[in-house]
Amino acid sequence: MNYTKALSTIKDLLKRVEDRRIKYIVYLPKFDPKTHSITMGGTNLSFQGKENATSFLNAVDELWRANKVVFEAYTKETFEDELVKFMQNFKNAEECSLEHLKKFYQTFTSKKTIKFEALYPVYGAEYYKDHPLKIGPYTIYNTNIHREQILNKYPFISKNVESEYDKFAEISNVVISVHVEAGESEKADEKALIMLQQFENTIQFIIADYMDRTEQINNYDIGVFNFHETKRTHGLLLSNQLSVSINSLTNTPDMVPLHEIPINDPNYGYDLLWDMLEKENLTELEKRIMSGITWIGKGLRDKESTRVLVQYVFALEALLQFQQKDSMVSPSITYKMAELSAFIIGEEFEDRSEIEKMVKQVYGKRSAIAHGGSHEVDELIIYKALWLMRNLIMMLVVNEELKDSKTIQEVDKWVKKQKYSS
């Protein structure tokens, strides 16, 4: 890390301290200031003025991210508490030296990290097999079948933790685990939650793709945090002629049979998606694919049609939109995405023409929504948008000529070759 730059940031903060106390004012709407005291690391601190308050918050984030080891092992809250204590040691900026700062960071980096296995129940799924299901960085267990296998791995499990695990079995048939490494349990949980959110989006995408390929009705929902539970709605209809009570069930998805659906099947290419989630360093194109899957996952869980379509278009943009270099005149965003989609998915002229038309139709509807011209979205346009994204992503993953591409620019070159050599 750049210690000289970090020291400059620390000294800038120390210069803002008055009487060894940092004064902090929160600005409410209409710029009406209100004094607000906060306690960090057992020390009462405050900043004077909006600029100083913002500087402190930005500096904490900058200094936390400056050291990769610290960033990967500890939460920002933990780092912030220790930084506050560190700053209290100096009466003025000149007292703080490079050696002081290095020792401060060493209090974090000198500690050994701990390897954790994070376990969370999965809702809306079932799994009945003797062996756990390994998919990328995740392992799927049956809460009852694999209970002893999980708990016997760790010698220091308390009765409270064991009891907490047994509660999983009461609410779900499935538990998912991920392995993370951190300097504290809070950071381990933070890292696990990010990975589990990626699982949610990816499994939603795979199930939607598989159901459409096999022409099955997708009435599934699955999640760790974002699961639509069954809800009973009560209402009344009153008039001068009659009165009626309304009772209905909403969000009643079928259970996802993880032991039956080929969520990790190489014949479909799904194993390659999970493999991406296990990689430390993704290529530029793989990052785009994962970003697209994230937006699709969000859209699949949403119940409001306009938001669903907008999120699918976000996925399309995340996957295909880029700034062309060495081009005097850039083609329109819609044209470029339509062209790429047509050649990635379609093989014949007729297919490519239809796909190009489909992209323009989907993007045009999104533009109408964004500019207030339309609030109605029919199911067909949503289906088209999802179909486009499913096929684009899976073609980029499994197509023999495209799967080794590292960037979207390489895909663009391939499309140009197809376009001008045919």
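- The two residues Ile222 and Gln204 come nearest to each other via the heavy atoms O-NE2, 3.1 Å.
- Inter-residue side-chain proximity for Leu151 and Glu162 is flagged as met; some heavy-atom pair is nearer than 4.5 Å.
- Taking OG1 of Thr143 as the start and NZ of Lys167 as the end, the distance is 15.0 Å to the nearest 0.5 Å.
- Taking the six-membered ring for Trp and the full ring otherwise, the centers of Phe86 and Phe104 sit less than 6.0 Å from each other.
- With contacts defined as side-chain heavy-atom distances shorter than 4.5 Å, the pair Val359/Glu356 does not qualify.
- Within the structure, the ring pair (Phe, Tyr, Trp, His ring centres under 6.0 Å) test picks out no pair touching residues 346-367 (sequence neighbours left out).
- Residues Asp302 and Lys298 are not paired through a salt bridge, judged by the lack of any N-O separation under 4.0 Å between the basic side chain and the carboxylate.
- Once rounded to the nearest 0.5 Å, the distance linking CZ of Arg65 with CE of Met1 reads 14.0 Å.
- Thr9 contributes a side-chain N or O that, together with a main-chain N or O of Lys5, makes up a donor-acceptor pair within less than 3.5 Å.
- Here the straight-line distance linking atom CG of Leu316 with atom CE of Met389 works out to 6.0 Å at 0.5 Å rounding.
- Side-chain atoms of Thr407 and Leu285, non-hydrogen and from C-beta on, never get closer than 4.5 Å to each other.
- The local environment of NZ in Lys68 is sparse, with at most 12 non-hydrogen atoms from other residues, nucleotides or ligands closer than 6.0 Å.
- Proximity of a side-chain donor or acceptor of Trp295 to a complementary backbone N or O of Glu317 within less than 3.5 Å is not detected.
- For Thr78 and Glu184, the side-chain atoms include at least one donor-acceptor pair closer than 3.5 Å.
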Practice task
Applying side chain to side chain donor-acceptor pair (under 3.5 Å), run through Arg301 and Asn201 and close with a yes or a no.
Solution key: CA-CA 9 Å; Arg301 288 192 300 270; Asn201 293 321; 3.1 Å; yes
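- Nearest heavy-atom pair across Ile171 and Pro121 is CD1-CG, 4.1 Å.
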Exercise for the section: Could you check Glu82 against Thr107 for side chain to side chain donor-acceptor pair (under 3.5 Å), going step by step and ending with a plain yes or no? Expected result: CA-CA 9 Å; Glu82 295 303 317; Thr107 60; 5.7 Å; no
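- Proximity of Ile10 to Leu83: side-chain heavy atoms (C-beta onward) are separated by under 4.5 Å at one or more points.
- Not a single ring pair (Phe, Tyr, Trp, His ring centres under 6.0 Å) links Phe205 to another residue, sequence neighbours left out.
- For Glu260, the salt bridge (Lys or Arg N to Asp or Glu O under 4.0 Å) criterion is met by no residue, not counting sequence neighbours.
- With a 6.0 Å radius and a threshold of 12 heavy atoms from other residues, nucleotides or ligands, Glu347 has its CD atom at or below the threshold.
- Within the structure, the salt bridge (Lys or Arg N to Asp or Glu O under 4.0 Å) test picks out the following pairs touching residues 189-205 (sequence neighbours left out): Glu72-Lys191, Lys187-Glu190.
- Qualifying ring pair (Phe, Tyr, Trp, His ring centres under 6.0 Å) partners for Tyr210, counting only residues two or more places apart in sequence or in other chains: Tyr268.
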Exercise for the section: Might you work through the side chain to side chain donor-acceptor pair (under 3.5 Å) test for Glu186 and Thr75, ending with a clear yes or no? Expected result: CA-CA 7 Å; Glu186 292 83 0; Thr75 65; over 6 Å; no
Practice task
Assess whether ring-ring contact (aromatic ring centres under 6.0 Å, His included) is satisfied between Tyr120 and Phe225, documenting all intermediate values.
Solution key: CA-CA 9 Å; Tyr120 274 84; Phe225 313 108; 5.7 Å; yes
Practice task
May I have the step-by-step check of side chain to side chain contact (heavy atoms under 4.5 Å, CB included) for Val224 and Phe199, ending in yes or no?
Solution key: CA-CA 9 Å; Val224 181; Phe199 165 81; 4.2 Å; yes
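- Atoms CZ and OG, from Arg352 and Ser341 in turn, are 12.5 Å apart once rounded to the nearest 0.5 Å.
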Do any side-chain atoms of residues 124-136 form donor-acceptor pairs under 3.5 angstrom with protein atoms, and if so which ones, sequence neighbours left out?
unit_1 : atom_1 : unit_2 : atom_2 : d
Tyr127 : OH     : His131 : O      : 2.6
Tyr128 : OH     : Asn173 : ND2    : 3.3
Lys134 : NZ     : Gly136 : O      : 2.2

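- For Thr214, the side chain to side chain donor-acceptor pair (under 3.5 Å) partners two or more places apart in sequence, or in a different chain, are Gln216.
- Every salt bridge (Lys or Arg N to Asp or Glu O under 4.0 Å) that Lys279 has, sequence neighbours left out, goes to Glu286.
- With sequence neighbours left out, Phe168 forms a ring pair (Phe, Tyr, Trp, His ring centres under 6.0 Å) with Tyr165.
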Handout entry: Candidate pair Asp412 and Lys416, rule salt bridge (charged side-chain N to carboxylate O under 4.0 Å, His left out), full reasoning
Key = CA-CA 6 Å; Asp412 185 44; Lys416 284 188 172 69; 2.7 Å; yes
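- Residues satisfying the side-chain contact (heavy atoms from CB on, under 4.5 Å) test with Ala73, not counting sequence neighbours, are Thr113.
- Residues Glu354 and Lys357 have side chains in contact (heavy-atom distance under 4.5 Å, counting atoms from C-beta outward).
- For the atom pair His146 NE2 and Thr139 OG1, the distance stands at 10.5 Å (nearest 0.5 Å).
- Side-chain contact between Lys403 and Asn399 is absent, with no heavy-atom pair separated by less than 4.5 Å.
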Practice task
In sequence, state the C-alpha distance, the side-chain angles, and the governing distance for Val362 and Tyr312, and then conclude on side chain to side chain contact (heavy atoms under 4.5 Å, CB included).
Solution key: CA-CA 9 Å; Val362 168; Tyr312 287 167; over 6 Å; no
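- Under a 3.5 Å cut-off, the side chain of Ser110 and the backbone N or O of Gln106 do form a donor-acceptor pair.
- Residues Leu119 and Ile150 are in side-chain contact: their nearest non-hydrogen atoms beyond the backbone lie under 4.5 Å apart.
- Between Tyr105 and Tyr3, the two ring planes are perpendicular [angle over 60°; tilted spans 30° to 60°].
- A donor-acceptor contact shorter than 3.5 Å links the side chain of Glu304 to the backbone of Arg307.
- With Glu284 contributing its side chain and Ile408 its backbone, the two residues share a donor-acceptor pair below 3.5 Å.
- Put simply, the side chain of Phe116 does not reach to within 4.5 Å of the side chain of His179, judged on heavy atoms.
- Here the CE-CG distance, from Met255 to Asp221, works out to 11.0 Å after rounding to the nearest 0.5 Å.
- Tyr138 pairs with exactly one of Asn264, Val178, Thr202, Ile203 by the side chain to side chain contact (heavy atoms under 4.5 Å, CB included) rule, that one being Val178.
- Among residues at least two apart or in separate chains, side-chain hydrogen bond (donor to acceptor under 3.5 Å, both in side chains) pairs with a member in residues 382-398 are Asp209-Arg390, Asp212-Tyr383, Asp212-Arg390, Gln361-Lys384.
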Problem - Lys336/Glu339 under salt bridge (charged side-chain N to carboxylate O under 4.0 Å, His left out): CA gap, chis, key distance, verdict - result: CA-CA 5 Å; Lys336 193 62 191 175; Glu339 180 184 67; 3.1 Å; yes
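- When the salt bridge (Lys or Arg N to Asp or Glu O under 4.0 Å) test is applied to Arg366, no partner is found at least two apart in sequence or on another chain.
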